[in-house]
Amino acid sequence: MNSLQQDIKYLKGVGPARAKQLASELHIATLGDLLYTFPYKYIDRSEVLTIRDLQEDMPYVQLKGQIVDFSEEGVGRKRRIKAVFTDGTGYAELVWFAGLKYVRDTYKVNQPYLLLGKPVRFGGRFSFSHPELDRFDPDRPLPNQGLQPIYSIPERLKKTSFSSRTFTALVQHAFELLQRVPVEETLPAYLLETHALLPLDEALRTAHFPPNSAALPAALHRLKFEELFYLQLDILRYTRNRRMKSDGYVFRHVGEHFMRFFNERLPFELTGAQKRVIREIRQDMRTGRQMNRLLQGDVGSGKTMVALMTCLLAIDNGFQACIMAPTEILAEQHLATIRDQLGPLPVRVELLTGIVKGVRRRDVLAGVADGSVQILVGTHALIEPTVRFLNLGLCVIDEQHRFGVKQRAQLWMKNVQPPHILVMTATPIPRTLAMTVYGDLDVSVIDELPPGRKPIQTVHYYENTRSRLFEGVKYQLELGRQVYFVFPLIQESEKIDLQNLEQGYADISEAFPAYSVGKVHGKMKPAEKDEEMRRFIARETQILVSTTVIEVGVNVPNASVMVIWDAQRFGLSQLHQLRGRVGRGADQSYCVLVTKYELSQDTRRRIQIMVESTDGFEIAEEDLKLRGPGDLEGTQQSGMPFDLHVANIVRDAALMEEARTAAAEVLRQDPEENLPQNAVLWRELLRLKKEKINFSAIS
Ligand code: ADP
Ligand code: MG
């Protein structure tokens, strides 16, 4: 047995009760789990300062000295203990607000203490609240304590007097135990050498107890590499195996539907990027294995046309296709666009959403079952078991992040073999994240907008200059354009937000008496909402006041202004999505971000990025930096094969590439997984996978 797999309950200082707590609160069951729980920060204890050297804004410091006086102040809950501490170079004040009995019983005057705490200047003197005090022997040199690890301990554990110090002691015991049975190496020697990595045992010890801050980076580097390497190895191996296994329908020829459409109906010249993506898709479909492709393209880049032409390929090869959209209004829009673009071509396209009912529904379902419906457009109603295709060969999923992994998996059941899957998203996923989270999907990118688009101009206004803003809006309305006003909605305070929206609606209606104003929000019935959207699309209303329900996909090319109220309350990706609702026609479009006057630094940065950039990928990268990957839409649901403890997929992007290359090389050299030098590696991968068995493929 690997030494790290030893049960935590045999560790000194852990009994059955503690073991249970560790398991439930920190997911620690083995020594390995313990040692792979890393400090979230360190306090430098390699130096002892003097009171004379203290300065404002210092982090935790150490002092050596004694207490010369205690005093107690206040009554009841305001009661506190103060002490005067000196090291011969000056005086500092110590304060305790809680645990007073412990302080009284433990600390004595005129005894040597090593103090650890954060100095705060208070009047003319430095003060330490709740410092740590340790007795020491003044006749012996202080041991170098290096950096002191600080672990994050959940509140529930803290209440049972389990502190970061308790945790530190456990880690120490674990390393003592492992003195006899050292930690087994998890990477082959040749990888350690070529990538200049520390051995695991040393890296682990240093990560918990670095002798000084200079020693830390090499240890973390080794641990991060290991994590990312196994992550990539697993993903690449999974992808390879899937490619070998899952058969797909072969779309061998380009036939009449595709060609007639191309020659007679194509309303514009395809962009280079659209052509390239269609080529990539055709390539996939010829191979005889199932396509699983993610199509990323910024808002307005023309993904729908790619979807339609892919559907025509399916039809040419005797298959049906379906297109799934996240909302009814979008599904209807797709249907209308597609019917319009196909014109007189003999292709039967039908709609299936929740509001298609009765005879109509039966008729569509019958057509789907007998194969006469060739393209079925709809919402998630498509995945219901009552929808039986005669021969489904392709499924296009629009705006991917609204669909969960499970829903996608149900599509696989719709035919004998899984249909080809094309997932389209306008939420650009940075490369580093895509290759991890969507590691088993092939990625195509439309990185070019149709010609003639004028980049949207984005400006920032403060609330108090709104009359100027309204003038600009009026000018656009007079030109015959339409305008969106978006108000934020935060779930916790929906009521207040609706008030905001109502107030905004009233103000705007009053400011533009000559125009009709529509209103959409999430609390409306879907039918009402759709009706309002329809009125806007039909230009019956010129202004649409709404919450973020319009975020995804709607296409109203005549709308040229997007005003986002309280823009400070939106994330970058969301702002970008909203902005993408305009600039869809040939006119110059505008996005106005309205904020209050006082903004946090983060918000300022977000607004600045929006004003400066219209590049969705750049914005997504920035968003990821500001928010961290956990927040990115679509990442939680897909999950990763292993949890990362030390590495960060954004900050450690370069290392991830290195690890990926190394993993690919291993797979190339050892496809049978039987080279002796790699034995350790396959064993470790298996162990990691057992630990986390529920990694499921993304679609
Ligand atoms: P999205 O990628 O956001 O789904 P759409 O497919 O809705 O974008 O396309 C946005 C608009 O651009 C539509 O009106 C569409 O007809 C138009 N469009 C798409 N491709 C081209 C092209 N190659 N040339 C000109 N216009 C195009
Ligand atoms: Mg779209």
Side-chain angles (χ1 to χ4, degrees), residues 261-263 265-279 281 293-312 322-343 375 377-379 395-403 422-429 443-456 481-482 484 533 536-537 539 549-560 562 573-574 576-587 589 591 614-617 619-620 633-634:
F261 179 79
F262 190 82
N263 292 326
R265 300 290 313 164
L266 200 62
F268 35 66
E269 170 131 21
L270 295 177
T271 63
Q274 283 170 319
K275 284 186 199 155
R276 172 171 43 75
V277 168
I278 292 172
R279 250 196 327 269
I281 291 170
R293 190 168 277 280
L294 179 70
L295 173 57
Q296 299 189 0
D298 214 340
V299 279
S301 61
K303 295 184 292 293
T304 318
M305 182 51 74
V306 173
L308 173 58
M309 293 179 75
T310 310
C311 289
L312 294 175
C322 68
I323 300 179
M324 206 157 61
T327 64
E328 294 191 344
I329 191 90
L330 272 177
E332 281 169 32
Q333 238 183 39
H334 279 322
L335 179 85
T337 312
I338 288 172
R339 280 194 175 154
D340 179 52
Q341 284 173 338
L342 288 171
I375 301 179
V377 181
T379 51
C395 185
V396 179
I397 304 173
D398 195 14
E399 308 296 355
Q400 144 277 340
H401 58 279
R402 300 286 155 117
F403 281 101
L422 181 66
V423 176
M424 305 199 295
T425 178
T427 307
I429 298 154
V443 180
S444 287
V445 182
I446 303 188
D447 49 8
E448 183 185 349
L449 290 179
R453 294 272 170 85
K454 296 195 185 70
I456 302 166
R481 310 275 139 71
Q482 287 163 284
Y484 295 99
M533 285 309 301
F536 190 66
I537 292 167
R539 301 202 196 180
V549 288
I550 56 143
E551 186 184 334
V552 168
V554 271
N555 191 24
V556 183
N558 188 53
S560 66
M562 165 63 67
S573 290
Q574 215 179 4
H576 182 65
Q577 283 292 317
L578 286 169
R579 180 168 62 180
R581 296 307 108 219
V582 296
R584 303 175 81 83
D587 308 313
S589 290
C591 173
T614 52
D615 178 340
F617 282 86
I619 289 169
E633 266 183 296

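Both ligands and their constituent atoms are indexed starting at 1 by order of listing. Treat the numbers as computed from the prediction; the structure is a model and nothing was measured.
When non-hydrogen atoms are compared, ligand 1 lies under 4.0 Å from the backbone of L270 (N, CA, C, O) but not from its side chain.
Heavy-atom contacts of T304 reach the following atoms of ligand 1: 4 (O), 5 (P), 6 (O), 7 (O) (cutoff under 4.0 Å). Per-residue contacts place S301 under 4.0 angstrom from the following atoms of ligand 1 (heavy atoms of the residue considered): 2 (O), 8 (O). Listed by number with element, the atoms of ligand 1 under 4.0 Å from a non-hydrogen atom of T271 are 23 (N). Listed by number with element, the atoms of ligand 1 under 4.0 Å from a non-hydrogen atom of P450 are 18 (N), 20 (N), 21 (C), 22 (C), 24 (N), 25 (C), 26 (N), 27 (C). With ligand atoms numbered from 1 in the order given, ligand 1 contributes 3 (O), 7 (O), 8 (O) to contacts under 4.0 Å with heavy atoms of R584.
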(request) For S560 and V582, run side chain to side chain contact (heavy atoms under 4.5 Å, CB included): C-alpha distance rounded to whole Å, both residues' side-chain angles, the deciding distance at 0.1 Å, then the answer. (result) CA-CA 5 Å; S560 66; V582 296; 5.6 Å; no

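Remark: F262 CZ is loosely packed, at most 12 non-hydrogen atoms of other residues, nucleotides or ligands lying under 6.0 Å away.
A salt bridge links E269 to K275: one of the charged nitrogens lies within less than 4.0 Å of a carboxylate oxygen.
Residue nearest to atom 11 (C) of ligand 1, selected from R453, E269, M424, M305: R453 (by heavy-atom distance). Of all the listed residues (G272, G302, P557), G302 holds the heavy atom that lies closest to atom 9 (O) of ligand 1.
Taking all atoms of both residues into account, the shortest heavy-atom contact from F261 to Q341 is CE1-O, 3.5 Å. Across A325 and A331, no two heavy atoms sit closer than the pair CB-N, 3.8 Å.
Residues R579 and T614 have side chains in contact (heavy-atom distance under 4.5 Å, counting atoms from C-beta outward). Inter-residue side-chain proximity for Q333 and I537 is flagged as met; some heavy-atom pair is nearer than 4.5 Å.
For G297, the heavy-atom gap to ligand 1 stays at 4.0 angstrom or more.
The shortest N or O to N or O distance between G300 and ligand 1 is below 3.5 Å.
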